[in-house]
Amino acid sequence: MITVQMKTPKGMRDILPPDGELWRKTENILALIARLYGYREIRTPILEYSFLFRKGLGDSSDVVEKEMYEFEDKDGSYLTLRPEGTAPVVRSYIEHGMKSFPWVRVFYIGPMFRREKPQKGRYRQFHQFGIELFGVSGPHGDAEAMVMLYRVMKMFGVSGYMSYNNIGCPVCRPKYIEALRKEIERYWDDIPEQYHEKINRNPMRFFDIKDEKVAVLFDKMPTIEEFLCDECQTHKQGLETLLAKLGMPYEKNIRLVRGFDYYTRTVFEYIGEGLGAKSAVAGGGRYDYLMESYGGPSVPGVGFGLGIERLLMVAKMPERIVYEPYAEVMVVYTKKDFMDNAFILAESLRDRFIAAEVDLRGTSLKSQMKAASKRGYKYVLILGDDEVEKGMVTLRDMNTGQQEMYKQMEIADIILERGSS
RNA sequence: GUGAGCGUAGCUCAGUUGGAAGAGCGCCGGACUGUGGAUCCGGUGGUCGGGGGUUCAAGUCCCCUCGCUCACCCCA
């Protein structure tokens with residue numbers, strides 16, 4: 001006879017009052033920040049066909065290897081409780097033909113499941129907030145994800161730092177992996193056997209091993225930087241100059257790798273203080289080939305996921321907060337050179353809780369106006385030669401068609417005045 | 001689980017007695033070299049759910065199968 005225990009399963013827990021309210025508040029703030037960047041909410045099922053994660057996350061990931069809650073359904077199909085949020089969103093993008101949108105910005109909040117050994121800040125059912133941006137191949141997309149994550153950390157008063165790396169692409173990474181594999185082999189006997197299989201599956205996971213015996217070898221290894229192809233180099237440079245322009249602090253970590261195979265080029269993590277060694281609050285990166293690896297269209301993506309349990313461990317809840325943006329605008333540019341200006345102006349508006357979306361594809365003004373109209377923006381801010389030269393910006397009312405130039409420094413106040421009336 | 005109906009482009013659908021896969025909307029571009037919605041023009045987009053069969057020829061007929069919707073059953 002089985003004794004029914006009045007107890008949550010291992011690694012799972014109840015959220016009791018008053019924490020329930022704390023969670024709701026936290027989720028609302030996260031949703032607000034996402035909306036400040038023009039991200040809209042998506043909800044996908046908690047169960048997906050196992051194929052989705054096996055194919056997407058890759059065989060070398062520990063998650064797929066040994067942590068998935070997977071079972072055979074009564075009809076013989078295999079289902080998995082989602083261990084992460086990106087693959088389901090990509091599945092949804094393909095299934096619903098979202099390629100017909102010029103770009104897609106979505107965020108999600110919900111439970112994820114991994115059958116790990118529970119520890120502090122590590123549960124079998126945990127909760128993630130995440131964002132995905134599809135359709136932007138340039139470094140501005142990466143910058144947006146990183147800047148948004150940084151804003152979340154500022155908003156919640158989390159001290160820590162952004163760790164960042166570029167891990168190359170299918171063109172250049174294989175060459176690096178070969179060189180790395182060769183070098184690792186020279187020290188093969190010094191590496192405890194328990195790690196051998198992991199390294200064989202994906203040599204880059206070597207840097208993920210948290211073991212003194214292995215860590216001392218890190219410095220002897222070649223770095224990905226020397227192997228990056230021209231395209232990855234350009235992308236990396238573009239991102240780094242943009243982050244510098246934005247004044248966003250980060251620490252380059254040439255050994256940062258992530259647990260999923262789908263990442264290309266940019267990867268990043270936010271390491272929070274007080275979470276113990278190498279415990280990231282959030283992490284993400286670019287995944288330009290995940291979509292087509294599923295047989296979908298060739299659409300680039302970038303995003304991050306954030307552990308809410310971990311966030312709550314290190315967060316100081318903001319006292320006063322709004323849950324809706326005060327206004328929503330789209331910032332457009334007359335030529336690609338001004339995309340940085342638009343990006344930076346939008347960032348400053350978000351400080352004032354004005355949602356500001358930017359078309360990061362670098363397309364024509366006409367195309368951006370069309371997108372703004374389609375998305376229902378009441379106000380569009382235009383940056384062109386005249387405006388940039390004078391430090392001004394044109395405010396266009398999309399309903400009346402009237403437009404006027406204002407100082408960039410004053411534009412937030414003007415939008416707030418207009419928006420509230 | 002039982003029964004019925006429906007599966008054709010991203011969406012809504014048309015497709016005649018079996019005879020060259022279409023329309024509207026959307027998306028991209030142009031007319032309009034810094035301006036959306038209107039109009040016109042061009043372009044993109046399809047394993048006709050999948051497999052098998054009949055036939056010179058199948059989106060169309062037959063068989064199997066998968067999926068979706070609705071009703072019933074059950075249920076938050």
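Quick caveat: nothing in here was measured; it's all calculated off a predicted structure. Every chain is numbered from 1, with letters handed out A, B, ... down the list of sequences.
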P spacing across the pair B/C40 / B/C72, given as an integer number of angstrom: 47 Å

Aromatic ring pairing A/Tyr69/A/Phe113, orientation class (parallel under 30°, perpendicular over 60°, tilted between): perpendicular

Among B/G29, B/G34, B/G37, the one nearest A/Leu365 by side-chain distance: B/G34

Shortest non-hydrogen separation from A/Leu32 to A/Val322 and the atoms involved: CD2-O, 3.1 Å

Rounded interatomic separation in angstrom, taking OH from A/Tyr333 and C1' from B/U33: 17 Å

Pairing nucleotide - B/G24, Watson-Crick or G-U, each distance under 3.5 Å: B/C11

Touch class at under 4.0 angstrom, heavy-atom based, for A/Glu95 against every strand present: nothing

Complement of B/C56, any strand, by Watson-Crick or G-U distances under 3.5 angstrom: B/G19

Interatomic distance at P, B/C32 relative to B/G45, whole Å: 27 Å

Whole-angstrom distance between B/A71 and B/C64, as gauged at atom C1': 26 Å

Interatomic distance, A/Met330 CE vs B/G37 P [rounded to whole Å]: 14 Å

C1' spacing across the pair B/A4 / B/G51, given as an integer number of angstrom: 24 Å

A/Lys99 vs B/G10: side-chain N/O to OP1/OP2 distance below 4.0 Å: no

Paired nucleotide for B/C48 [Watson-Crick or G-U wobble; both distances under 3.5 Å]: none

A/Lys374 or A/Tyr377, whichever maps to the more 5' nucleotide of RNA chain B: A/Lys374

For a quick test of your reading: what N or O donor-acceptor pairs under 3.5 Å do the side chains of residues 14-22 of chain A make, sequence neighbours left out?
none

Whole angstrom value for the distance that separates C1' of B/G67 from NE2 of A/His96: 14 Å

Of the listed nucleotides B/G34, B/G36, B/C27, the one nearest the side chain of A/Ser373: B/G36

Test log, rule ring-ring contact (aromatic ring centres under 6.0 Å, His included), inputs A/Tyr287 and A/Tyr262: CA-CA 6 Å; A/Tyr287 46 90; A/Tyr262 53 62; 5.7 Å; yes

For atom CD of A/Glu404 and atom C1' of B/U35, their distance in whole Å: 17 Å

Separation between the C1' atoms of B/C56 and B/A20, rounded to whole Å: 16 Å

d(CG, A/Asn399; P, B/U35) in whole Å: 20 Å

Nucleotide nearest A/Gln403 when distance is taken to its side chain, options B/U35, B/G34, B/G10: B/U35

Proximity to the side chain of A/Pro102 - top-ranked nucleotide from B/G37, B/C32, B/C27: B/C27

Whole-Å P distance, B/C48 and B/U39: 33 Å

Aromatic A/Tyr37 / basic A/Arg350 pairing, under 6.0 angstrom, 45° off normal: yes

B/A14 to B/G49 separation - P atoms, rounded to the nearest Å: 13 Å

Separation of atom CZ in A/Phe101 from atom C1' in B/C27, rounded to whole Å: 10 Å

Closest to the A/Met398 side chain, choosing from B/G36, B/U35, B/C27: B/G36

More than 12 heavy atoms from other groups under 6.0 Å of CZ on A/Phe51: yes

Other residues, nucleotides, ligands: >12 heavy atoms within 6.0 Å of A/Arg13 CZ: yes

Watson-Crick or G-U wobble partner of B/G3, both distances under 3.5 Å: B/C70

Integer angstrom distance from the C1' of B/U55 to that of B/C63: 16 Å

First encountered from the 5' end of RNA chain B, between A/Arg396 and A/Tyr49: A/Arg396

Distance in angstrom units between A/Lys370 NZ and B/U39 P, rounded: 12 Å

Length of the NZ-P vector between A/Lys366 and B/U33, whole Å: 8 Å

Counterpart base for B/G34, defined by Watson-Crick or G-U wobble contacts under 3.5 Å: none

A/Ser100 side-chain proximity, nearest of B/G10, B/G34, B/G30: B/G10

